[in-house]
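Accompanying notes for the structure given below.
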Amino acid sequence: MTEVDRLGLFTIAPSSPYGDFEFHALPDSLFADSLSVSQLISDTILNNNFTVTNDGLVFIINTSLCICLNEDADTTIDGLQVPISNGVLEELNSINLHFRYCNYSCKQPLWFC
């Protein structure tokens, strides 16, 4: 328990994901044949207090020029939800449909306390 020994404005909120991270593809290139699959894994995702994010927290994955093959972890939210495991988004399996780069982006759903 924290003791408050002075008057002031205090913000009490849970930790939440913060900052940027990158995805890494294995293999880093593949044929645009609608059959070849690449696996993506993110950097470790940290919270705003520099702790590793909790397992099960979901991020919305957006793609262009490719298809993400993962199952949607939460069908009640629009988009493809992928959960964090061991602090990373892993095993994002994608198929490239075009002779171009496959673009991935993600964001955390908005939650209100």
Side-chain angles (χ1 to χ4, degrees):
M1 181 181 286
T2 302
E3 184 176 309
V4 177
D5 60 357
R6 61 185 165 87
L7 294 176
L9 177 64
F10 297 92
T11 302
I12 301 173
S15 60
S16 62
Y18 176 78
D20 297 329
F21 57 88
E22 293 184 7
F23 286 106
H24 307 280
L26 298 170
D28 60 359
S29 60
L30 66 152
F31 293 106
D33 57 6
S34 299
L35 300 173
S36 301
V37 175
S38 182
Q39 182 181 36
L40 298 172
I41 187 167
S42 74
D43 292 333
T44 300
I45 302 170
L46 300 177
N47 290 318
N48 54 359
N49 62 359
F50 304 107
T51 60
V52 176
T53 53
N54 294 333
D55 285 356
L57 179 69
V58 296
F59 275 76
I60 300 170
I61 303 297
N62 298 305
T63 64
S64 64
L65 305 175
C66 58
I67 295 174
C68 187
L69 303 175
N70 291 61
E71 184 176 332
D72 193 350
D74 187 347
T75 57
T76 64
I77 301 173
D78 289 338
L80 175 66
Q81 320 308 308
V82 176
I84 290 177
S85 178
N86 298 316
V88 297
L89 292 167
E90 59 184 335
E91 296 186 16
L92 295 174
N93 298 305
S94 67
I95 294 177
N96 193 344
L97 300 176
H98 304 280
F99 294 102
R100 298 182 184 169
Y101 289 103
C102 180
N103 298 315
Y104 266 81
S105 65
C106 69
K107 65 179 180 178
Q108 184 184 10
L110 295 176
W111 300 104
F112 298 95
C113 301

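Residue numbers run from 1 in the order of the sequence given.
Closest of all the heavy-atom pairs between Pro27 and Ser38 is O-OG, 2.9 Å. Nearest heavy atoms, Asp72 versus Ile77: OD2-O, 4.4 Å. Smallest separation of non-hydrogen atoms from Pro17 and Ile45: CB-CG2, 4.3 Å. Across every non-hydrogen atom of Asn70 and Glu90, the tightest pair is ND2-O, 4.4 Å. Minimum interatomic distance between Val58 and Gln81 (heavy atoms only, all atoms of both residues): CB-CB, 4.1 Å. Annotation for Ala25 and Leu40: closest pair CB-CD2, 3.3 Å, computed over non-hydrogen atoms.
Counting only residues at least two apart or on different chains, the side-chain hydrogen bond (donor to acceptor under 3.5 Å, both in side chains) pairs with a member in residues 50-61 are Asn47-Thr51, Asn49-Thr51.
Checking side-chain atoms of Ser42 against main-chain N and O of Val88 turns up no donor-acceptor pair under 3.5 Å.
Under the side chain to side chain donor-acceptor pair (under 3.5 Å) criterion, Gln39 pairs with no residue, sequence neighbours left out. For Asn48, there are no side chain to side chain donor-acceptor pair (under 3.5 Å) partners, not counting sequence neighbours.
Residue Phe21 qualifies as enclosed at atom CZ: its count of foreign heavy atoms under 6.0 Å is above 12.
Going from atom OG1 of Thr75 over to atom CG of Leu80 covers 11.5 Å, rounded to the nearest 0.5 Å. The distance from the CD1 atom of Ile60 to the CG atom of Asp78 is 8.0 Å, given to the nearest 0.5 Å. In this structure, the separation between CG on Leu89 and CD1 on Ile41 is 9.0 Å, given to the nearest 0.5 Å.
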Take Val52 and Leu46 through the side-chain contact (heavy atoms from CB on, under 4.5 Å) test and state the conclusion after the steps.
CA-CA 5 Å; Val52 176; Leu46 300 177; 4.1 Å; yes
